[in-house]
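Here the structure comes first, spelled out in structure tokens, and everything after it is commentary.
Proteins come first, then strands; the chains are lettered A, B, ... in the order of their sequence lines, and each starts at number 1. Hydrogens, waters and symmetry mates are skipped; everything else that's a heavy atom, side chains included, is used. Only a predicted model underlies this, so the values are computations on that prediction, with no experimental measurement involved.
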There are 2 protein chains.
Amino acid sequence: MAASLGLPLNFKVGVDNAIFSVDPAQNRLLVLLVMRESEPFLGQWSLPGTLVRHGESLEDAAYRILSEKIQVQNLYLEQLYTFAGPGRDPRELSDSQPLRYLSVSYFALVRFEEAQLMGTGVRGIAWYPLDEVPHLAFDHNRMVEYGHRRLRNKLEYSPIAFDVLPELFTLSELYQLYATVLGENFSDYSNFRAKILKLGFLSDTKMKVSRGAGRPAALYRFDAEAFAPLKDKPLVFI
Amino acid sequence: MAASLGLPLNFKVGVDNAIFSVDPAQNRLLVLLVMRESEPFLGQWSLPGTLVRHGESLEDAAYRILSEKIQVQNLYLEQLYTFAGPGRDPRELSDSQPLRYLSVSYFALVRFEEAQLMGTGVRGIAWYPLDEVPHLAFDHNRMVEYGHRRLRNKLEYSPIAFDVLPELFTLSELYQLYATVLGENFSDYSNFRAKILKLGFLSDTKMKVSRGAGRPAALYRFDAEAFAPLKDKPLVFI
DNA sequence: GCAAAAGTGTTCTTCATACACCCATGA
DNA sequence: TCATGGGTGTATGAAGAACACTTTTGC
């Protein structure tokens, strides 16, 4: 190490995605894992990742792996955190010249019902409930933690829920999403309802939909124009 | 470009610091800029930055440049955002082999009174009021913007103010810090005072201090133990 | 005594919380 | 007609905003 201090240090740069989704049927918060098919950590679960290619931005790379693993029409994606400590990838040691592996993690939220996992049974890819995530390759467990924290914050302070709901949705679908992500100590349905309607960016389409038994629910639509003035304001949906 | 698509892509990785401070005398929010002493962008203002060295983590590198530019005892520092788009550094073009320049930006808040700028008049280094920041090298203006947003959020939701105040401080010093960063549409002094005291993590030292004319102010101390249970809670100081 | 800075208290309104209750549908 | 999910209303207390007022100092 001491001998290499003067040498120019190069990096390999990868992108890893922490992709979250909510299964509305089971009310569970899920994260997408893939089985590693090469060394290091062959056969271990990990986040879907890739090395950044020529002419490609970090975000491009993030979208590329995402679309290689699942097909979705709607999603929210943003940069999460960058990990680059020495020793985070075992390949550093085996390389002849000084090299480090840096990974920029991205956070994504996708719609569960429309997400099509790519690859047949042979290729390991699966949704894992957040409280059953196994030990992952590299520092990917930390990425999942960071992502989970970001998800909760984003949901409270910004309208990412509407990037991931169908264009028309009922207020209980919206409530289920919030309650699943934010946990049990969340506002009750009737207060949530009153609060979010008062904010004024949900427009009633006057259409109704019946989900099994019970009174049919009104379908709402997110009104981006009405939301615009609230942007960057300390909105709290909780 | 097309020809190099199959080649392995290596990166140089740098760290750039957006270092903020508040001048209590002038009630101004400042950011630290340095004059570039080498190509590219020779002679242009920029954020203090460095390439990451062997065996050094990103955070190590961030602390290293920081301490090369200013001396402080107390500071708050955290990772901000990673920039790596193709074409962000002109050196990419001149290099013979495919190479990209990635920069991880860090956000720091330091105490103005104790910050000693390193370097004599020859080396360009200066505090700039945030609304007078000139056109900077690379994408550093975006880093300043990101940092400014982070500063406002952090101040509202976490106790970074106390990392940057003297151990003993008056409530108006605390108020000045908040008001300078968060702007004029901030809570008035008496409401701020009542609110923050009710939170219960400021302990009155019973000491008084006189700053010129007027009634002497009580000196308070941040009580980390009393604050601990409030950690991660949606604290809002505003 | 007066200005200046620190500190206290009061009023009014808005919002959060915890409920109870009514409505429309399927089985 | 009853269970089920959707939707409305209300009482209570806590929190926010605006502002008047008192206290303690220097000059």
Which listed nucleotide (D:dG6, D:dT8, C:dA6) is nearest to the side chain of A:R193? D:dT8
Just jot down the salt bridge (Lys or Arg N to Asp or Glu O under 4.0 Å) partners of A:R152, sequence neighbours excluded, or say none. none
Going by salt bridge (Lys or Arg N to Asp or Glu O under 4.0 Å), name the residues that satisfy it together with A:R36, two or more places apart in sequence or in a different chain. none
Please work out if A:A194 contacts a base, only the sugar-phosphate, or nothing of the nucleic acid, heavy-atom cut-off 4.0 Å. nothing
Once side-chain hydrogen bond (donor to acceptor under 3.5 Å, both in side chains) is applied, what residue pairs with a partner in residues 14-29 of chain A remain, sequence neighbours excluded? A:D16-A:S103, A:D16-A:H140, A:N27-A:Q176
Tell me every residue that passes salt bridge (Lys or Arg N to Asp or Glu O under 4.0 Å) with B:E167, counting only those two or more places apart in sequence or in another chain. B:R221
Test of understanding: with salt bridge (Lys or Arg N to Asp or Glu O under 4.0 Å), list the residues that count as partners of A:R64, not counting sequence neighbours. A:E56, A:E68
Respond yes when some side-chain nitrogen or oxygen of B:S172 is under 4.0 Å from OP1 or OP2 of C:dA6, and no when none is. yes
Between C1' on D:dG7 and NZ on A:K198, what's the gap in Å once rounded to a whole number? 16 Å
Interatomic distance where CG belongs to A:D204 and C1' belongs to D:dT8 [whole Å]: 14 Å
Length of the line joining A:Y189:OH and D:dT4:C1', which is rounded to integer Å: 13 Å
In whole Å, I'd like the distance from the CZ atom of B:F186 to the P atom of D:dG16. 12 Å
Between D:dG7 atom C1' and A:L174 atom CG, what is the distance in whole Å? 15 Å
In B/S/- notation (B base, S sugar-phosphate only, - none; protein heavy atoms under 4.0 Å), nucleotides 18-27 of chain C written 5' to 3' is BB---BBBS-
Can you tell me how far C1' of C:dT14 sits from NZ of A:K195, to the nearest Å? 12 Å
D:dG6 P sits how many Å from A:F192 CZ, rounded? 13 Å
Answer with base, sugar-phosphate or nothing: what part of the nucleic acid does A:R211 contact at a heavy-atom distance below 4.0 Å? nothing
Of the non-hydrogen atoms in B:S187 and B:F192, which two are nearest, and what is the gap between them? OG-N, 3.4 Å
Integer-rounded Å distance: C:dA5 P and B:Y175 OH: 14 Å
Which label fits B:F227 and B:F201: parallel for a plane angle under 30°, tilted from 30 to 60°, or perpendicular past 60°? perpendicular
